[in-house]
Visitor: 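If you scroll down you'll find the structure; I have some questions about it.
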Amino acid sequence: MGIPMNVLILNSGSSSLKFQVIATDLDRIKQNADERLCRGQVERIGGEAIITVQNRNGPRQKLAAPIRDIAAALDYVLRWLASDRAGIDEIGSLGDIHAVGHRVVHGGELFKESAIVTDEVLKGIEDCIDLAPLHNPNNIKGIRAVREIFGQKIPQVAVFDTSFHTSIPEHAYLYALPYHLYRRHRIRRYGFHGTSNRYVAYRYRTVHGITREQTNLVTLHLGNGCSATAVRAGRSLETSMGMTPLEGLVMGTRSGDLDPAIVNLIAAKEGLSTHEVEALLNSQSGLLGISGLTNDMKVLQAELDEHDDRRVRLAIDMFCYRARKYIGALLACMGGADAVVFTGGIGENSPAIRARICAGLEWTGLKLDPDLNAQTLAREARITTSDSTLHAHVIPTDEELLIARDTVRCVLGVPHPA
Ligand code: ADP
């Protein structure tokens with residue numbers, strides 16, 4: 001194999017910058033032999049930031065430094081990467097980073113696949129700011145910071161959370177509102193977690209030796225944000241998140257589906273603006289809102305085991321019930337599937353939640369194997385009995401790997417599989 005490309009992967013948020021460096025090329029992609037050189041994140045940007053860094057599979061180091069913005073965070077990360085402290089032999093200087101791949105939240109209707117960042121693409125990402133005012137501006141700051149530090153010549157690639165869902169048909173993505181609202185403001189469902197969905201669908205078909213067209217799944221990405229997607233013939237057919245990530249499943253702090261009339265009612269009764277209500281639906285609802293305790297499922301489960309608290313049980317019940325409801329709905333949308341795939345922090349690590357979601361789904365042909373389920377933590381495995389007609393699998397997601405691979409493909413001008 002030749003010398004791989006060292007791809008820096010960036011996920012720029014409002015107060016955090018997550019990064020990884022993955023060494024890969026077309027041969028390594030084919031052989032699933034990509035190499036992760038390091039990973040880390042800068043949190044609490046804007047003040048005394050906490051920096052967590054990890055070289056390959058070495059121990060995690062925690063550092064602290066005052067960091068004012070994303071550009072300063074990137075500068076800090078790059079200096080660490082090239083330093084002896086990092087101990088990454090492949091990276092001695094900035095010149096050893098060959099390309100940068102960015103997670104971009106919203107690509108609207110414009111970006112059906114990942115794209116090399118040109119001025120025109122940057123303008124397109126800016127045009128989508130209206131659709132993701134909290135996310136796209138930070139993603140753009142990340143892209144600009146790379147340009148400032150590396151200059152124009154380093155290739156940058158944008159990988160969009162929404163791209164995978166651009167295959168959803170019109171009758172599924174439109175809201176039943178006056179049609180001109182779609183025309184004027186592009187109000188429609190877009191869906192998110194697309195890169196995660198693409199990754200688990202790719203892993204599923206690779207492990208099973210089937211083609212994309214033969215891949216029929218309901219994927220459940222259950223992390224802090226949660227979504228369910230119908231993948232039919234390898235493409236997204238329907239998904240639970242909407243115009244924004246607020247729609248659909250019960251999440252850590254988001255309500256998911258609700259009657260839109262509730263927004264004005266809460267505003268009137270609680271003396272809040274509709275913006276404040278939207279913030280409440282995004283950051284004070286979901287598991288946190290119902291339990292009154294935390295958005296962290298691991299903590300909620302421990303609390304339930306120890307104290308059997310009623311509101312904690314209710315929060316978990318609602319979470320699992322909504323997920324089950326969506327599995328049923330998506331199976332109906334796609335006319336049945338071969339497997340339900342669990343991913344994301346909760347989906348990968350919590351057999352108890354997976355069991356609660358699957359309880360009562362026997363009518364679909366899904367028979368959970370309690371032992372396989374209990375044994376499967378953060379690794380790929382089937383968790384249903386061999387005679388199930390609808391299987392369930394756990395596939396840990398790896399969005400960064402897909403971003404690195406898309407970056408290499410875009411830079412080399414090779415078309416990427418969905
Ligand atoms: P994000 O969406 O921010 O990437 P993750 O995918 O890491 O988040 O998922 C975070 C969620 O996963 C949290 O609710 C966390 O409690 C949950 N989680 C992680 N490990 C476990 C576990 N062992 N049992 C239950 N929940 C877990």
Visitor: What's the verdict on side-chain contact (heavy atoms from CB on, under 4.5 Å) for Leu390 and Leu331, showing C-alpha distance, side-chain angles and the deciding distance?
Guide: CA-CA 10 Å; Leu390 174 64; Leu331 286 172; 4.0 Å; yes

Visitor: Within a 6.0 Å radius of atom CZ on Arg56, are there more than 12 heavy atoms belonging to other residues, nucleotides or ligands?
Guide: yes

Visitor: Considering non-hydrogen atoms only, spot the tightest contact between Cys410 and Ser114 and give its length.
Guide: SG-O, 3.7 Å

Visitor: Charged N to carboxylate O below 4.0 Å: is that the case for Asp69 and Lys141?
Guide: no

Visitor: Do Val218 and Met334 have side chains that get closer than 4.5 Å, going by heavy atoms?
Guide: yes

Visitor: Hey, are the side chains of Thr229 and His193 touching, using non-hydrogen atoms and a 4.5 Å cut-off?
Guide: no

Visitor: Does Gln301 reach the main-chain N or O of Lys298 with its side chain, forming a donor-acceptor pair under 3.5 Å?
Guide: no

Visitor: Would Ile88 and Val21 count as a side-chain contact (heavy atoms from CB on, under 4.5 Å) here? Give the steps.
Guide: CA-CA 10 Å; Ile88 305 171; Val21 178; 5.9 Å; no

Visitor: Compare all side-chain heavy atoms of Phe19 with those of Cys38 and state whether any distance is below 4.5 angstrom.
Guide: yes

Visitor: Between Ser236 and Ser167, which heavy-atom pair has the shortest distance, and what is it?
Guide: O-OG, 2.7 Å

Visitor: Just verifying a value: how many Å separate Arg235 CZ and Ile168 CD1, rounded to the nearest 0.5 Å?
Guide: 13.0 Å

Visitor: Out of the candidates Arg203, Arg36, Arg405, only one should pair with Asp398 under the side-chain hydrogen bond (donor to acceptor under 3.5 Å, both in side chains) rule; please name it.
Guide: Arg36

Visitor: Report the relative orientation of the aromatic rings in His106 and Phe192; use parallel for angles under 30°, tilted for 30 to 60°, perpendicular for over 60°.
Guide: perpendicular

Visitor: I want to check something: taking the side chain as every heavy atom from C-beta on, are Glu400 and Arg103 in contact at a cut-off of under 4.5 Å?
Guide: no

Visitor: With a 3.5 Å distance limit and no angle check, can you tell me whether Thr215 reaches the backbone of Thr211 through a side-chain donor-acceptor pair?
Guide: yes

Visitor: Counting only pairs under 3.5 Å, give me each side-chain donor-acceptor contact of residues 352-360, with atom names and distances, residues two or more places apart or in other chains.
Guide:
residue: Arg354; atom: NE; partner: Asn373; partner atom: OD1; Å: 2.8
residue: Arg354; atom: NH1; partner: Gly347; partner atom: O; Å: 2.9
residue: Arg354; atom: NH1; partner: Glu348; partner atom: O; Å: 3.2
residue: Arg354; atom: NH2; partner: Asn373; partner atom: O; Å: 2.9
residue: Arg354; atom: NH2; partner: Asn373; partner atom: OD1; Å: 3.0
residue: Arg354; atom: NH2; partner: Thr376; partner atom: O; Å: 2.7
residue: Arg356; atom: NH1; partner: Asp317; partner atom: OD1; Å: 2.8

Visitor: Nearest heavy-atom pair of Thr162 and Gly108: which atoms, and what distance?
Guide: OG1-N, 3.9 Å

Visitor: Taking all non-hydrogen atoms of both residues, which atom of Cys226 and which atom of Met241 are closest, and how far apart?
Guide: O-CE, 3.3 Å

Visitor: Within the side chain of Asn216, is there an N or O that forms a donor-acceptor pair under 3.5 Å with the backbone of Asp338?
Guide: no

Visitor: Give a yes or no on whether a salt bridge exists between Asp406 and Arg198, defined as a side-chain N under 4.0 angstrom from a carboxylate O.
Guide: yes

Visitor: Which atom names give the shortest non-hydrogen contact between Asn6 and Ile91, and what distance separates them?
Guide: ND2-CG1, 4.4 Å

Visitor: Any side-chain heavy atom of Tyr204 sitting closer than 4.5 Å to one from Ile210?
Guide: yes

Visitor: Please step through side-chain contact (heavy atoms from CB on, under 4.5 Å) for the pair Ile51 and Ile67, ending with a clear verdict.
Guide: CA-CA 10 Å; Ile51 303 114; Ile67 288 183; 4.1 Å; yes

Visitor: Using a 6.0 Å distance limit plus a 45 degree cone around the ring axis, check whether Arg188 lies over the aromatic ring of Tyr182.
Guide: no

Visitor: Do side-chain atoms of Glu148 reach the backbone of Ala71 as a donor and acceptor pair under 3.5 angstrom?
Guide: no

Visitor: Between Arg186 and Glu109, is there a salt bridge with N-O shorter than 4.0 Å?
Guide: no

Visitor: Would you find a donor on one side and an acceptor on the other, under 3.5 Å apart, between the side chain of Thr244 and the backbone of Leu246?
Guide: yes

Visitor: Of all heavy-atom pairs between Leu377 and Ala374, which one has the smallest distance, and what is that distance?
Guide: CG-O, 4.4 Å

Visitor: With respect to Val100, which candidate in Ile9, Val7, Leu8 satisfies the side chain to side chain contact (heavy atoms under 4.5 Å, CB included) definition?
Guide: Leu8

Visitor: Should the pair Glu43-Lys18 be classified as a salt bridge under the 4.0 Å nitrogen-to-oxygen rule?
Guide: no

Visitor: Once you round to the nearest 0.5 Å, how far does CE of Met251 lie from OG of Ser240?
Guide: 6.5 Å

Visitor: Quick check against the 3.5 Å criterion: does Arg254 have a side-chain atom that pairs as donor or acceptor with the backbone of Gly225?
Guide: no

Visitor: Treating His221 as the side-chain partner and Thr343 as the backbone partner, does any N or O pair qualify as donor plus acceptor under 3.5 Å?
Guide: no

Visitor: Could you go through the side-chain contact (heavy atoms from CB on, under 4.5 Å) check for Asn139 and His102 one step at a time?
Guide: CA-CA 7 Å; Asn139 302 152; His102 295 266; 6.0 Å; no

Visitor: Is it true that Asp257 and Lys325 have a side-chain N and a carboxylate O under 4.0 angstrom from each other?
Guide: no

Visitor: CG/Leu287 to OG1/Thr253 distance, rounded to the nearest 0.5 angstrom?
Guide: 9.0 Å

Visitor: If we ignore hydrogens and angles and just use 3.5 Å, is the side chain of Thr239 paired with the main-chain N or O of Ala228 as donor and acceptor?
Guide: yes

Visitor: For Arg60, look at atom CZ and say whether over 12 heavy atoms of other residues, nucleotides or ligands are found less than 6.0 Å away.
Guide: no

Visitor: Is it true that, when you exclude Asp305 itself, more than 12 heavy atoms of the residues, nucleotides or ligands shown sit nearer than 6.0 Å to its CG?
Guide: yes

Visitor: Rounded at 0.5 Å granularity, tell me how far CG in Asn136 sits from CD in Glu126.
Guide: 9.5 Å

Visitor: If the plane angle is over 60° it's perpendicular, under 30° parallel, otherwise tilted; pick one for His391 and His393.
Guide: perpendicular

Visitor: Within the 4.5 Å heavy-atom criterion, are Trp80 and Arg85 side-chain neighbours or not?
Guide: yes

Visitor: For Gly58, does its backbone N or O pair with a side-chain atom of Asn55 as donor and acceptor, under 3.5 Å?
Guide: no

Visitor: May I ask you to say whether Arg147 pairs ionically with Asp119, meaning some side-chain N is under 4.0 Å from a carboxylate O?
Guide: yes

Visitor: Just verifying a value: how many Å separate Gln214 CD and Arg205 CZ, rounded to the nearest 0.5 Å?
Guide: 11.0 Å

Visitor: Below 4.5 Å, heavy atoms only, C-beta onward: do Leu217 and Asn197 meet side chain to side chain?
Guide: no

Visitor: Within the structure provided, determine whether Leu412 and Met5 are in side-chain contact (heavy-atom separation under 4.5 Å).
Guide: yes

Visitor: Go through the steps to decide whether Glu238 and Arg189 satisfy the test salt bridge (Lys or Arg N to Asp or Glu O under 4.0 Å), and finish with yes or no.
Guide: CA-CA 10 Å; Glu238 175 62 287; Arg189 308 177 61 250; 2.8 Å; yes

Visitor: Under 3.5 Å, is there a donor on one side chain and an acceptor on the other for Ser388 and Thr385?
Guide: yes

Visitor: Tell me, yes or no, whether the heavy-atom count around Glu120 atom CD, taken from other residues, nucleotides or ligands under 6.0 Å, exceeds 12.
Guide: no

Visitor: Rounded to the nearest 0.5 Å, how far does CG of Asn295 lie from OG of Ser285?
Guide: 11.5 Å

Visitor: Within the distance-only criterion (no hydrogens, no angle test), does the side chain of Thr219 pair as donor or acceptor with the backbone N or O of Val341 below 3.5 angstrom?
Guide: no

